K.L.:
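Handing you a structure now.
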Amino acid sequence: MKKIRVAIAGATGMVGQSFVMLNQDHRNFEVVLVAASDRSAGKPYYEAVDGRWVMGEEIPPNIAEMRVYDALDVDAIAGQVDLIFSAISLGQKETAELEERYARCEIPVVSNNSAHRWTPDVPMVIPELNHSHLQVISAQRKRLGTKRGFIAVKPNCSIQSYVSAIYPLLDLGPYELMVSTYQAVSGAGKTLKTWPEMQDNVIPYIAGEEEKSEKEPLKILGHVGQGEICPASFIKISAQCVRVPVSNGHLATVSMNLRKPVTCEDIIERWRSFKTLPQKLGLPSAPNPFLTYFDEDDRPQPRLDRYLQQGMGIAIGRLREDPIFDFKFVALSHNTVRGAAGGAILLAEFLYDQGDI
Ligand code: NAP
């Protein structure tokens with residue numbers, strides 16, 4: 001089968017490196033171009049990432065020798081690829097403009113960046129949950145004047161675990177969530193080595209993260225209106241986000257109120273039996289099962305459970321009744337795999353399967 005030609009914009013960064021590794025030997029995608037800032041442009045990839053390659057395995061030989069393009073050189077990139085994974089760290093306005101320029105050149109863009117998450121006709125998708133939102137792509141194409149090009153985004157890494165856990169409970173009427181996230185240093189594009197202030201410490205502030213953690217779930221839980229996604233208004237979320245000295249894996253503790261009565265056993269059964277379309281379609285990056293509930297009191301833990309289902313699974317545990325809310329539980333997801341490159345690749349696989357790419 002002919003593979004889709006892929007570019008990674010932001011390929012030298014933490015998420016970009018993850019894209020490089022997760023696209024290796026992919027059944028549908030082949031990385032043919034890597035792009036980054038003008039600081040890296042013109043260098044072979046191995047030289048551009050020298051001293052900051054953080055993946056456990058070596059750089060794939062076919063990528064190591066590739067010349068890095070300037071991600072802003074849209075014309076040079078556009079003629080060579082069929083799909084762009086965007087993992088650039090630029091300002092919001094610049095990123096939004098750049099991604100639209102790619103799309104207007106008829107290249108589908110699947111982005112990690114937050115710049116377009118609130119553009120009403122840009123779907124923000126966790127493929128197991130709200131793939132129906134991809135319907136708005138036709139309205140977006142009309143606005144952009146494109147036949148093929150569009151932008152689809154994945155949501156912030158902090159929300160993947162608890163929104164996925166809430167989804168199978170929607171008919172029970174969840175209406176209030178109190179969430180605390182314990183977020184790994186890789187979420188800031190750093191390692192424990194390059195961020196010595198994180199040793200023996202927690203930092204109770206992550207810029208912009210609490211707002212994203214409270215609002216992005218509303219778009220995921222929203223519905224398709226006239227060519228746009230209308231955010232949900234049936235639920236309120238309060239989030240506190242804390243940086244902790246963990247390399248990878250964002251943990252969330254969640255308290256929730258539900259409108260309908262239910263038992264812990266029923267909730268656990270809903271999580272264990274939750275079936276979703278990407279798994280049914282057998283998409284290469286779809287974890288099976290999507291949700292795993294642990295009975296052990298001390299799970300999930302980032303070190304033990306972040307690579308559940310190759311980092312794409314959602315780990316849940318410690319469901320119990322709460323003296324103030326109805327229930328509380330703990331959830332975990334890998335922030336640079338499920339929460340970044342892996343989640344974006346699964347979204348692209350879904351779009352490919354549906355004929356949108
Ligand atoms: P990072 O490690 O700092 O990498 C940033 C990338 O953007 C590098 O490839 C860099 O190229 C490129 N870049 C920077 N300035 C540029 C410019 N002016 N023009 C073109 N390219 C430029 O960041 P990251 O952690 O990988 O995050 C990338 C994006 O994904 C961010 O938007 C972030 O918010 C989002 N995200 C991150 C995570 C996570 O867990 N880390 C999760 C979800 C989403 P050079 O190497 O040449 O400077």
Side-chain angles (χ1 to χ4, degrees), residues 7-22 31 33-55 63 66-74 76-77 84-99 101-102 109-117 124 126 151 153-161 181-191 194-195 206-209 211-213 216 241 243-244 246-251 302 306 311 332-347:
I8 302 169
T12 50
M14 181 82 78
V15 177
Q17 294 179 21
S18 188
F19 270 120
V20 165
M21 295 312 295
L22 293 174
V31 177
L33 193 150
V34 287
S37 77
D38 57 4
R39 295 177 289 277
S40 304
K43 295 180 184 167
Y45 183 75
Y46 74 86
E47 198 181 311
V49 295
D50 190 30
R52 56 187 175 130
W53 178 255
V54 294
M55 299 288 111
I63 307 284
M66 277 184 189
R67 184 172 68 85
V68 179
Y69 279 68
D70 183 340
L72 304 188
D73 194 354
V74 176
I77 296 170
I84 290 186
F85 286 117
S86 173
I88 278 186
S89 275
L90 262 179
Q92 293 290 92
K93 190 165 169 283
E94 293 89 336
T95 305
E97 283 170 7
L98 180 63
E99 291 182 347
R101 284 176 62 208
Y102 290 139
V109 180
V110 177
S111 179
N112 272 282
N113 206 284
S114 57
H116 274 296
R117 288 187 192 153
M124 174 162 65
I126 295 176
I151 301 161
V153 300
K154 51 149 287 299
N156 200 47
C157 47
S158 63
I159 76 165
Q160 311 282 329
S161 64
T181 63
Y182 301 75
Q183 301 194 197
V185 296
S186 60
K190 295 183 187 171
T191 63
T194 60
W195 201 356
I206 307 174
E209 204 74 353
E211 195 189 10
K212 289 175 190 167
S213 303
E216 289 186 14
C241 299
R243 189 73 72 194
V244 295
V246 164
S247 60
N248 288 299
H250 289 351
L251 189 96
R306 61 191 162 211
L332 170 78
S333 64
H334 196 302
N335 54 299
T336 63
V337 184
R338 165 56 77 168
I345 292 172
L346 181 58
L347 174 53

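Nothing here was measured: the structure is a model prediction, and the numbers come from that model. Ligands are counted one by one from 1 in listed order, and the atoms in each one are counted from 1 as well.
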K.L.:
Quick one: do Q183 and V246 satisfy side-chain contact (heavy atoms from CB on, under 4.5 Å)? Show the steps, please.
P.N.:
CA-CA 8 Å; Q183 301 194 197; V246 164; over 6 Å; no
K.L.:
Present, as a list of atom pairs with distances to 0.1 Å, all nitrogen or oxygen contacts under 3.5 Å between ligand 1 and the protein.
P.N.:
unit_1	atom_1	unit_2	atom_2	d
ligand 1	2 (O)	M14	N	2.9
ligand 1	7 (O)	S89	N	3.0
ligand 1	9 (O)	G10	O	3.2
ligand 1	9 (O)	T12	N	3.4
ligand 1	9 (O)	T12	OG1	2.6
ligand 1	9 (O)	G13	N	3.2
ligand 1	11 (O)	T12	OG1	3.2
ligand 1	11 (O)	S37	N	3.4
ligand 1	15 (N)	R39	NH2	3.4
ligand 1	15 (N)	S89	O	3.2
ligand 1	21 (N)	S37	N	3.3
ligand 1	23 (O)	S89	OG	3.3
ligand 1	26 (O)	M14	N	3.1
ligand 1	26 (O)	V15	N	2.8
ligand 1	32 (O)	I88	O	3.2
ligand 1	32 (O)	N113	ND2	2.9
ligand 1	40 (O)	N335	ND2	3.4
ligand 1	41 (N)	S186	O	2.9
ligand 1	46 (O)	T12	OG1	2.5
ligand 1	46 (O)	R52	NH1	2.8
ligand 1	46 (O)	R52	NH2	2.8
ligand 1	47 (O)	S37	N	3.2
ligand 1	47 (O)	S37	OG	2.6
ligand 1	47 (O)	S40	OG	2.5
ligand 1	48 (O)	S37	OG	3.4
ligand 1	48 (O)	R39	NE	3.4
ligand 1	48 (O)	R39	NH2	2.9

K.L.:
If I compare all heavy atoms of C157 with all of E209, which pair ends up nearest, and what's the gap?
P.N.:
SG-OE2, 4.3 Å
K.L.:
Step by step, would you call W195 with R243 a side-chain contact (heavy atoms from CB on, under 4.5 Å)?
P.N.:
CA-CA 12 Å; W195 201 356; R243 189 73 72 194; 3.7 Å; yes
K.L.:
Could you check whether N112 and S86, counting side-chain N and O atoms only, form a donor-acceptor pair closer than 3.5 Å?
P.N.:
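No pair is found: no donor N or O on one side chain lies under 3.5 Å from an acceptor on the other.
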K.L.:
Identify the two heavy atoms, one from M66 and one from V31, that lie closest to each other, and give their separation to 0.1 Å.
P.N.:
CE-O, 3.3 Å
K.L.:
Tell me yes or no: between the side chains of S111 and N113, is some donor less than 3.5 Å from an acceptor?
P.N.:
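Result is no, nothing qualifies.
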